[in-house]
Amino acid sequence: GMKTAEALHMRGVKVTIVELLEKILPIVLDDASSAWAQEALEKAGVDYVLGDSVVAVERDGRGDVKGVTLKSGAFIPCQGVIVAVGVRPNVAPLEGSGIDINKGVLVDDRMETNLENVFAAGDVVEAYDLILGAKRPIQLWPLAYRQGLIAGANMAGGKKRYVGGFPINSVGFFDFKVASAGLSTVEPGVEESFEVMVFEDKERGIYRKVVVGNNRLMGFIILNDICRAGVYSGLIWSRMDVSLFKDALVEDMSMPEACRLSAHGLEPWSFESMRDFRRMGWALFPRSYRKHFTAMPSRIEEVCAFESEVCTI
Ligand SMILES: Cc1cc2nc3c(=O)[nH]c(=O)nc-3n(C[C@H](O)[C@H](O)[C@H](O)COP(=O)(O)OP(=O)(O)OC[C@H]3O[C@@H](n4cnc5c(N)ncnc54)[C@H](O)[C@@H]3O)c2cc1C
């Protein structure tokens, strides 16, 4: 919807966005980042209406669209309407088939339905959500791809299992770029079971937020400077314990700063494995410094030497 609004706006079409909930992109943005998105729309000169919904498309005598009536009773004159309100599995053709269906087709971790040798994958299924620990539809291409691969392999006699997925979104419109994943909309201080860390620098246009639950990264939002998105996603996938460096996850750090691990109470040997130490490194170091890590030593003693060398820069 936002991309369509942007495209029409760029073609000189006057656009008004009508959003049912009280903020822009409510499924993926928290209150603070949504306010940034609102500002971007305002700066671009795009109108928006929040907390309202279209109840009727009005037409003139010739059948052409002349406007929409909102639930609030307001009328917005317009010549066209684009509906972008989400995705729902079309399970109607499967009614009476005996296949278990909730919101989508229920599958096990082999992507097999309750009927033997009947498999399903993609937007139509409810598969395992790694973060929620429950099954639900997550309609995203990478998950559909992985599920299809697993279903296909198992149909051919393979033994592949789907470990689960989680929502990941990346979109840019009107100079506003966002990457978010998992439980991104948890607000700071609202739910006791989550810790929320935020770094915000309005002047430089940087907003980073991570949601940590049970010492695992559960979700994030990054605005504009989105270079850590892959690393954060990797931390969610790996279910890695981030307790040692969770406060540093959103901080702005140069590599020499980040290498002073002791400043964060961290030492390389605090980590259970070299792999975890590397993951932490990738999580903390801005992209411009990552090239140093392509030559990162592989033994902890070497890392210590490497660290002291870098810290003397
Ligand atoms: C506008 C839009 C933007 C999106 N942007 C992103 C994005 O940026 N990133 C991302 O990860 N995902 C995005 N998605 C979601 C992504 O496209 C889907 O998750 C993915 O395509 C799902 O793959 P699928 O194979 O399950 O379904 P589909 O790609 O929908 O394929 C299903 C196919 O089945 C066909 N079909 C339907 N009924 C029948 C029938 N009875 N018999 C035979 N064939 C049938 C359909 O015609 C279709 O070709 C977007 C989706 C939309 C609509």
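Atoms within a ligand are numbered from 1 in the order they appear, just like the ligands themselves. The shown structure was predicted, so the numbers you read here are calculated from the model rather than taken from an experiment. Only heavy atoms go into these numbers, but all of them, side chains included; no hydrogens, no water, no symmetry mates. Each residue takes its place number in the sequence, starting with 1.
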- request: Please report the shortest heavy-atom distance between Gly172 and Lys3, naming the atom on each side.
  value: O-NZ, 2.7 Å

message: Are the side chains of Leu140 and Asn169 in contact, using a 4.5 Å heavy-atom criterion?
response: yes

- prompt: If only atom types and distance count, is the side chain of Asn215 paired as donor or acceptor with the main-chain N or O of Val242 below 3.5 Å?
  reply: no

- request: State, with a plain yes or no, whether a side-chain heavy atom of Ile236 is found less than 4.5 Å away from one of Phe220.
  value: yes

- prompt: Picking from Leu29, Val28, Asn224, what satisfies side-chain contact (heavy atoms from CB on, under 4.5 Å) with Val178?
  reply: Leu29

- prompt: ligand 1: which residues have a non-hydrogen atom closer than 4.0 Å?
  reply: Gly122, Asp123, Gln139, Leu140, Trp141, Pro142, Ala144

- prompt: Side chains of Ser34 and Asp31: do they bring a donor and an acceptor to under 3.5 Å?
  reply: no

